[in-house]
Amino acid sequence: MACLRRLTVFANNHERFFMSTKIYFTSNNYSWFCDRSLRKWNHIVSRSLFTKESHGHGDVNGHVNTMCSFGKVHVRQFSLTQCDFKKKKMYNKESLSVELEENIIDESLLEDEYFESLRGDARILEFVGSKSRGPERVGVLVLQPWVKWGASKRTDTSGQLLLDEAVALVATLPGVHVVDKEIVPVRTMDRKLIFGSGTLERLVSQARASRNISCVFISVEMLRKAQIIELEEAFGRKVLDRYSVVLGIFRYHAHTKEARLQVALAELPYMRKRLSGEKGHLMIMEREKHLKAALDKLAGVRAIIRQRRTKDSIPTVAVVGYTNSGKTSLIHAITSDARAEGKDQLFATLDVTAHEGRLPCGLEVLFIDTVGFIQDIPTELVASFKATLEDAVYSNVVVHVRDASHPDYELQGAIVTQTLASLPLPEDTPIITVANKIDLETAKPKEELKEAHRVSALKGQGIEDLLHDVEGEVLRVTGRKVWKFSLPTGSREIQWLRRVTGLAYEEMDEADPQTTHILAVLTNQELSAFHRNFGKQ
Ligand SMILES: Nc1nc2c(ncn2[C@@H]2O[C@H](COP(=O)(O)OP(=O)(O)OP(=O)(O)O)[C@@H](O)[C@H]2O)c(=O)[nH]1
Ligand SMILES: [Mg+2]
C-alpha cells in the first residue's frame with residue numbers, strides 16, 4: 001500500500017506482543033512504539049524516524065526505512081492499515097475557529113466614521129498602519145532612551161538590544177523606513193520631555209535638518225498627552241511611542257473580526273489619554289461598552305468551541321512565546337499546516353488559530369497559535385488580546401517557544417514566564433520549554449539552554465524529542481494510556497474501539513488471520529466502558 005512506510009526493527013524479547021517485530025507504518029504514525037514498556041527503545045526508534053537519513057526530507061511524515069539493532073532478535077511482520085478517523089469528521093475547520101461564527105457581529109461597529117475621525121484627531125497613526133495607504137514611505141528617526149547610571153538603569157538588557165527591537169518594531173509597519181537611529185543616554189525616564197534640554201535641542205535640529213524624517217519614534221511604553229504635544233511642537237514632526245507603534249502593527253495584521261474588535265478596544269485607552277472634551281469621552285465609553293459586548297459574544301462562541309473540543313476529547317496544546325520566536329513555524333513543522341506560515345515580522349500572528357496535529361502515538365491534538373509577547377507595552381494592550389491568552393489558559397499543555405539565537409534570550413523568556421504567571425493558568429498545567437532556531441550560528445550553546453528542548457522549526461531538528469515530551473504530558477494530564485488488544489478480526493469490539501477512540505491501529509495476525517492486534521489511546525473511562533460492553537479482554 002502506497003501510504004505504508006516500512007520500518008524494520010529488531011527487538012529483544014521485552015514483551016510477548018511486540019517481540020521482535022517487523023512493522024509497516026502508516027505515513028503519519030508509529031504508535032506501536034508508544035507502549036510504556038517500550039518507551040526506551042521507542043525513543044531510539046522514533047529518533048531515527050525523524051532523522052534526515054531515514055526519510056530524506058527531514059519532515060515528520062517522510063519515508064521511513066530504518067534499522068535499529070537491539071541484540072538478540074526474532075523477526076516477525078505486521079502490516080498496519082490506515083484508519084479512518086471518525087472524530088476527525090466531528091471537528092472540521094468550522095468547529096475550530098470562531099471565524100465562521102463572526103457574522104453575529106455587526107460590521108458597522110468596526111467601521112464607525114466618528115471613530116475613524118477621532119483616531120485622526122487623537123493623532124493615532126493616521127498615516128501609518130493603514131492598509132489603504134499607498135506605497136508612500138514614511139521616514140522615521142528612532143530614539144531609544146537609555147538610563148546609563150543609577151538605580152533605574154536596567155541590567156537585564158542593553159541599550160543596543162532595545163534599539164534593535166525598536167527598529168524592528170517600527171520597520172514592521174507598512175510603508176515605514178528607518179532613516180536614523182540612536183541610543184540616547186538619559187538620567188531618568190521621568191523627565192517632562194524624556195531628554196535633557198541640550199540633548200533635545202540636538203535631536204530636534206537633527207530631525208529638522210533631514211527632509212526624509214517625517215516622524216520620530218521614541219521607544220518608551222506610552223507618552224503622556226502633554227509630552228506628545230510638546231515634543232511634536234519641538235520636532236515639528238509626528239511623535240510615536242511603543243503603544244502607538246504596536247497598535248499600528250496590530251491594526252495592520254488583524255484579519256478576523258475578533259482581532260479587529262480587539263484592536264479597536266486596545267485603541268480606546270490611548271484615545272482617552274489624548275482627548276479632551278466630555279463628548280469624546282462619553283463616545284469612548286459607549287464604544288467600549290459595545291466592543292466589549294461584541295467580544296463577549298465571540299468569547300461565548302470560543303467557549304462553545306472549547307466545550308466541543310473537551311466533549312470530543314480533543315487535547316489542546318497552546319504554543320506561546322515572545323514575538324518572532326518561531327511559534328507559527330514550529331506549528332507548521334509539527335502539523336505541516338500551510339496556514340501556519342512563519343514570517344520575519346513582529347506580531348505576524350494576531351488571529352488565534354487551531355491546527356490539527358498528531359502525536360507519535362497517533363493521538364490527534366490541536367496546536368493553538370497565539371499572539372507573541374513583547375516587553376514595554378502597557379498591559380491593557382496585551383489584555384485586549386484576552387482570547388489568545390484564554391486559549392492558553394484552557395489548554396492541556398503549554399509549549400513556550402524561545403529564540404535561542406537572540407541575545408536577549410533570558411529576558412524574553414522571563415517576560416513570557418511573568419505574563420504566563422499572571423494568567424489564571426491551572427497550577428498543574430505542564431509548560432514545556434523549547435529553544436528554537438538552534439540551526440543559527442548565534443544560537444546559545446547547549447549548557448546555557450538548560451532543560452529546554454533544542455529545536456529548529458525551520459530545519460525540522462529536535463521535533464521528535466519535543467513531540468514525545470508533549471505526548472507524555474498530554475497523555476498524563478488527560479488520563480490517557482496506550483492500550484493493546486488482540487481481538488477477533490472484524491468483531492464488534494474492534495468496531496467499538498474504532499468508533500469510540502477513532503484511533504485504533506490494527507493489523508491482522510499473520511499466523512492467525514482470525515486475530516487482529518489493536519493499539520488504542522484510551523482514557524480510563526473509555527477502557528471501563530469497553531470492559532463493561534465486552535468484558536475483560
Ligand atoms: N533560522 C531559523 N529561523 C527560524 C526558525 N523558526 C522560525 N524562524 C524564522 O523566524 C521568523 C519568525 O517566525 P514565526 O514562526 O513567524 O514566529 P512567531 O513566534 O510566530 O512570530 P509572531 O507571530 O510575529 O509573534 C521567521 O522569519 C521564521 O522563518 C528556526 O528554527 N531557524
Ligand atoms: Mg506567529
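Atom set for the values below is all heavy atoms of this structure, side chains included, hydrogens, waters and symmetry mates excluded. Note that ligands are numbered from 1 as they come in the structure, with each ligand's atoms numbered from 1 the same way.
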Colleague: Side chain or backbone, does Gly326 bring an N or O within less than 3.5 Å of an N or O on ligand 1?
Modeller: yes

Colleague: Under 3.5 Å, is there a donor-acceptor pair between the side chain of Asn212 and the main chain of Gly139?
Modeller: no

Colleague: Just to be sure I read this right, does ligand 1 sit under 4.0 Å from the backbone of Asp439, its side chain, both, or neither, counting only heavy atoms?
Modeller: side chain

Colleague: Got an N, O or S from Thr328 under 2.8 Å of the Mg ion (ligand 2)?
Modeller: yes

Colleague: Ignoring hydrogens and geometry, is there a side-chain-to-backbone donor-acceptor pair from Asn436 to Ala457 under 3.5 Å?
Modeller: yes

Colleague: Quick one: does Ser329 get an N or O within less than 3.5 Å of an N or O on ligand 1?
Modeller: yes

Colleague: In Å and rounded to the nearest 0.5 Å, what is the CD to NZ distance from Glu410 to Lys444?
Modeller: 7.5 Å

Colleague: Counting N and O atoms only, with roles assigned by atom type, does the side chain of Gln412 sit under 3.5 Å from a partner on the main chain of Asp403, one being a donor and the other an acceptor?
Modeller: no

Colleague: Kindly say whether Leu161 contributes a backbone atom to a donor-acceptor pair with the side chain of Ser158 at under 3.5 angstrom?
Modeller: yes

Colleague: Are any of the heavy atoms in Gly321 under 4.0 Å away from ligand 1?
Modeller: no

Colleague: Just by distance, no angles: are the side chains of Arg402 and Ser325 close enough, under 3.5 Å, to form a donor-acceptor pair?
Modeller: no

Colleague: From the options Lys459, His332, Lys437, select the one whose nearest heavy atom is closest to atom 8 (N) of ligand 1.
Modeller: Lys437

Colleague: Report the part of Leu458 in contact with ligand 1, treating N, CA, C, O as backbone and CB onward as side chain, heavy atoms under 4.0 Å; options are side chain, backbone, both, neither.
Modeller: both

Colleague: In the structure I gave you, are the side-chain heavy atoms of Lys327 and Asp369 within less than 4.5 Å of one another anywhere?
Modeller: yes

Colleague: Tell me the contacting part of Asn436 for ligand 1: side chain, backbone, both, or neither, using a 4.0 Å heavy-atom threshold, strictly below.
Modeller: side chain

Colleague: N/O of Ile438 under 3.5 Å from N/O of ligand 1, yes or no?
Modeller: no

Colleague: Taking only heavy atoms of Leu440 into account, list the atoms of ligand 1 that are under 4.0 Å away from them.
Modeller: 1 (N)

Colleague: Can you name the nearest heavy-atom pair linking Ile438 to Ala435, along with the distance?
Modeller: CG2-O, 3.6 Å

Colleague: Give the numbers and elements of all ligand 1 atoms closer than 4.0 Å to a heavy atom of Thr323.
Modeller: 22 (P), 24 (O), 25 (O)

